[in-house]
Amino acid sequence: MFEKTTWIKLPRNVLVGHDVLDDLGEAVGDLYLTGRPLIVTSPTPNEIAGDRVRAQFDDPATAVVEEASFAAVEELKETAEAVDPGYLIALGGGKPIDIAKMAADHLDVGFVSVPTVASHDGIVSGRSSIPEGDTRHSVAADPPLAVVADTTLIADAPWRLTTAGCADIISNYTAVKDWRLARRLRNVEYSEYAGALSEMTAELLVENADMIRPGLEESAWVVVKALVSSGVAMSIAGSSRPASGAEHLISHQLDRIAPGKALHGHQVGVASILTEYLHSGENGRWDAIRDALAELDAPTTAAGLGVDDAELIAALTSAHEIRDRYTILQGGINEEAAIEVATATGVIDD
């Protein structure tokens, strides 16, 4: 008899569209949250949309965070203790959303995600990505109670941030391949539904990359929908597996070797070209991934990331050391093989 019980935590409401920021108060009201809201934001989104958010609530408090770090999480918890909020509202990009998500989990209060950029799938997922020194930690936390994504704001966000979000989604394609490989060779628990949803989301962007353009609300809507689907896939799986495989290990290692040179989404996009080649060889879909990234104005080479060839090769050969997660890089690859893969895919020059 099958007796396994799985808890799947998902946002109750997801609101995406033109000027939906003005419906935030109503969306929060539908959640029957009580108490004073604490708006967690960073300087730019606070300037762009902070007043519109505050105008919809009685006596809101605001915390402006400058950086994503565990220290920032602790500072926000101290602020919350003084404010005694009933819930948090995270307004902005990955920085305030990840910090608010983790703080809300520690404070045992709910939070609402209000992204102003579509740079990664953390806007809806149950994980926070927090840097500490030269390491980035992926920390489990509850997903938002609701997501309110205004496509007007997101379409006006810097294009490079949107392309990073697209590349992050496209990298799901190889993350799912790693997950299936781990199931076959290590009997890792696998969710067919979560894997299919994540893979379908990546395929959606690969096949429609030519339709995603800067400044278009329709493009912002497609990207946000894809990010939401990716976050839901992780919630269904109960882990980051549907969206994080060897390509993310390479990116994490680049964060150590060449910190601050490229956006996370762009790094995993380039890394997915390499890992797809490792999975399927020269006849795989690495060129489709590369072409989709190029169509989106996302980097496809080490130079495009702003890292030199030696840094990229060092990340590729040492990425397997990052964490105990079975991927195509299990056991590592040597420098000669890494150079061959990176050269064959055009990620580094001949």
Side-chain angles (χ1 to χ4, degrees), residues 119-120 134 136 159-178 181 199 202-203 205-207 209-210 212 243-323 325 327-350:
S119 57
H120 68 88
D134 61 0
R136 182 170 289 272
W159 176 234
R160 64 189 289 269
L161 297 179
T162 302
T163 65
C166 291
D168 199 7
I169 292 299
I170 289 172
S171 78
N172 288 9
Y173 185 75
T174 51
V176 173
K177 285 197 170 185
D178 274 324
L181 181 68
E199 192 172 48
E203 290 281 3
L205 287 193
V206 169
E207 294 174 3
D210 60 339
I212 299 173
S244 178
E247 73 294 323
H248 274 63
L249 301 183
I250 295 169
S251 176
H252 292 326
Q253 198 67 330
L254 277 174
D255 289 337
R256 293 179 171 182
I257 295 168
K261 291 189 176 182
L263 295 171
H264 166 78
H266 289 158
Q267 290 181 170
V268 297
V270 172
S272 67
I273 298 172
L274 300 170
T275 54
E276 168 59 14
Y277 189 93
L278 288 171
H279 272 287
S280 306
E282 61 182 16
N283 294 322
R285 297 200 63 203
W286 63 269
D287 54 345
I289 293 172
R290 177 201 59 196
D291 294 348
L293 293 172
E295 188 71 48
L296 291 162
D297 301 325
T300 60
T301 64
L305 291 175
V307 305
D308 61 43
D309 292 354
E311 290 171 328
L312 187 283
I313 295 302
L316 181 54
T317 55
S318 60
H320 66 288
E321 301 169 358
I322 289 287
R323 64 180 298 185
R325 168 166 284 185
T327 73
I328 194 67
L329 292 176
Q330 189 72 16
I333 64 174
N334 63 31
E335 183 176 342
E336 182 180 1
I339 291 172
E340 181 178 346
V341 170
T343 302
T345 55
V347 170
I348 67 172
D349 294 329
D350 294 338

Flag the pair Q267 / L312 as yes when at least one side-chain heavy-atom distance between them is below 4.5 Å, and no otherwise.
no
Between Q253 and S318, does a side chain to side chain donor-acceptor pair (under 3.5 Å) hold up when you go through it step by step?
CA-CA 7 Å; Q253 198 67 330; S318 60; 2.7 Å; yes
Let me check something: any side-chain donor-acceptor pairs from residues 288-305 under 3.5 Å, sequence neighbours excluded? List them with distances.
{"residue": "E295", "atom": "OE2", "partner": "R213", "partner atom": "NH2", "Å": "2.6"}
{"residue": "D297", "atom": "OD2", "partner": "W159", "partner atom": "NE1", "Å": "3.0"}
{"residue": "T301", "atom": "OG1", "partner": "G304", "partner atom": "N", "Å": "2.9"}

Shortest non-hydrogen contact between R325 and Q330, atoms and distance
O-OE1, 3.8 Å
Taking the side chain as every heavy atom from C-beta outward, state whether D168 and H264 have any pair of such atoms under 4.5 Å apart.
yes
Quick one: sort the W286 and Y277 rings into parallel, tilted or perpendicular, breaks at 30° and 60°.
perpendicular
Between T174 and E276: side-chain donor-acceptor atoms closer than 3.5 Å
no
Between A246 and D178, the two heavy atoms sitting closest are N-OD2, 2.8 Å
Least distance between heavy atoms, A175 atom then A243 atom
CB-C, 3.6 Å
E340 CD: over 12 foreign heavy atoms closer than 6.0 Å:
no
Within-4.5 Å side-chain heavy-atom neighbours: N172 and E199
no
When you compare the side chains of H266 and T163, does any donor N or O come within less than 3.5 Å of an acceptor on the partner?
yes
Taking it one step at a time, do K177 and T275 satisfy side chain to side chain donor-acceptor pair (under 3.5 Å)?
CA-CA 9 Å; K177 285 197 170 185; T275 54; over 6 Å; no
Are the side chains of S280 and R285 in contact, using a 4.5 Å heavy-atom criterion?
no
